[in-house]
2 protein chains.
Amino acid sequence: MFVDGGYDATPMTRIASAARVATNTIYWYFKDKDELLVAVLDRVLARALADAASRDQEPWADQLLWAVGQLEQFHRLVTVVHARAATSPVVNDWHESFHRLVDDILTDGFRKTGTPEESLRAMTQVGVFVVEGLLLHPHSVPDRREIIELLTRPQRPPAALDSP
Amino acid sequence: MFVDGGYDATPMTRIASAARVATNTIYWYFKDKDELLVAVLDRVLARALADAASRDQEPWADQLLWAVGQLEQFHRLVTVVHARAATSPVVNDWHESFHRLVDDILTDGFRKTGTPEESLRAMTQVGVFVVEGLLLHPHSVPDRREIIELLTRPQRPPAALDSP
DNA sequence: ACCTGAACACCGTTCAAGT
DNA sequence: ACCTGAACACCGTTCAAGT
């Protein structure tokens with residue numbers, strides 16, 4: 001319901017009645033609405049990661065493109081995570097660990113495709129921002145592909161031009 | 001108050017009492033809280049643009065770096081704009097026109113620094129995401145500089161390497 | 001351990017009435 | 001035109017009580 005209708009727009013009462021319990025019953029399982037959000041986030045991310053693991057041998061850019069395409073369904077969650085992270089420590093923790101995860105994946109990818117070590121950190125940051133931007137603002141498939149390909153294009157000139 | 005305390009965390013009652021009027025008096029000037037937000041956004045952006053106009057002759061990367069530094073103060077507004085844009089048409093309109101603005105500025109900058117025309121669109125998108133990312137997640141000044149410099153680095157190899 | 005009806009505190013917004 | 005006290009509808013959360 002958070003994914004489809006938005007966090008603010010789905011009151012606890014509606015969640016409870018969908019679960020066929022009284023509203024306050026939710027508070028026996030979750031401390032507050034933010035913890036419920038984090039539970040949803042954990043689920044959604046775990047599924048996406050499990051799916052991604054099955055695409056081990058595809059080229060890096062394709063894997064990334066596919067993952068972004070998957071996660072884009074949840075762009076409503078992305079905006080609310082940013083909004084709630086300022087107030088809720090649990091959401092803030094989740095957000096930070098998500099950033100670390102994306103950071104690690106991108107650092108690895110950029111290093112393997114020959115990004116020079118001295119610009120690796122900044123390049124990764126740019127990558128994180130691009131991923132986040134794509135999640136925040138859904139794009140058409142070709143646009144997404146073009147952006148990801150520009151991002152993941154090897155940094156050094158191709159070997160054919162390097163050797164005489 | 002939206003900038004310092006956050007949109008959700010500053011109730012209309014507090015705004016009203018800071019303005020020394022009754023709460024409902026605000027509704028004579030603004031249709032609702034979202035329109036009040038847009039009024040704040042317009043003010044903040046107008047000031048930043050006026051400041052930026054005075055830096056005409058500096059290099060492009062420096063201008064951009066400085067503008068991002070200025071706007072970073074308002075990162076609380078950035079998150080709430082994304083959150084409210086999904087619900088409020090006025091906020092959504094403001095957000096779209098802001099993106100168009102950044103898009104135009106970046107397209108211009110990238111074109112002038114020799115980005116090939118066929119990757120201009122994607123490059124601009126990457127730029128928009130980087131700007132948005134920097135506004136969303138405050139960075140240290142050197143980190144910001146490094147990221148912006150990586151982004152604005154001319155795409156074609158420098159002339160010294162091109163000519164024999 | 002698990003669930004509930006009823007209440008509480010707080011919020012954005014509106015109404016009817018004033019000047 | 002401008003402002004207000006009082007109310008309304010809705011929200012997340014808690015309490016005291018049940019099984």
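A, B, ... follow the sequence lines: proteins, then strands. Residue 1 opens every chain.
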> To the nearest Å, give me how far apart CG (A:D32) and P (D:dT14) are.
8 Å
> Could you tell me whether A:Y29 contacts a base, only the sugar-phosphate backbone, or nothing, with contacts defined as non-hydrogen atoms closer than 4.0 Å?
sugar-phosphate
> Would you mind reading off the distance between A:R84 atom CZ and D:dG12 atom P, rounded to a whole angstrom?
10 Å
> Judged by modelled atom types alone, do A:D42 and A:W94 share a side-chain donor-acceptor pair under 3.5 Å?
yes
> Tell me which nucleotide among C:dT4, D:dG12, D:dT4 gets nearest to the side chain of B:T25.
D:dT4
> Which nucleotide, C:dT4, D:dA1, C:dT13, lies nearest any side-chain atom of B:W28?
D:dA1
> Using Watson-Crick or G-U wobble geometry with both distances under 3.5 Å, which nucleotide pairs with D:dA1?
C:dT19
> CD1 of B:I15 versus P of C:dC11: gap in Å, rounded?
11 Å
> So, do B:S97 and B:R100 sit near enough that their side-chain heavy atoms are less than 4.5 Å apart?
yes
> Atom NZ of B:K31 to atom P of C:dT14: distance rounded to whole Å?
8 Å
> For A:V130, is there any backbone N or O sitting under 3.5 Å from a side-chain donor or acceptor partner on B:Q125?
no
> Using whole Å, report how far CD1 of A:I26 lies from P of D:dT14.
13 Å
> For the CG atom of A:L151 and the CD1 atom of A:I148, what is their distance to the nearest 0.5 Å?
6.5 Å
> Rounded to the nearest angstrom, tell me the gap between atom CD in B:E35 and atom C1' in C:dT13.
14 Å
> Which nucleotide sits closest to the side chain of B:K33: C:dT13, D:dC2, D:dG12?
C:dT13
> In whole Å, what is the span from the OH atom of B:Y27 to the P atom of C:dA16?
18 Å
> Could you tell me which nucleotide pairs with D:dA6 by Watson-Crick or G-U wobble geometry, both distances under 3.5 Å, or answer none if nothing does?
C:dT14
> To the nearest Å, how far apart are A:M12 CE and D:dT14 P?
10 Å
> With heavy-atom distances below 4.5 Å as the criterion, would you say the side chains of A:H95 and A:R84 are in contact?
no
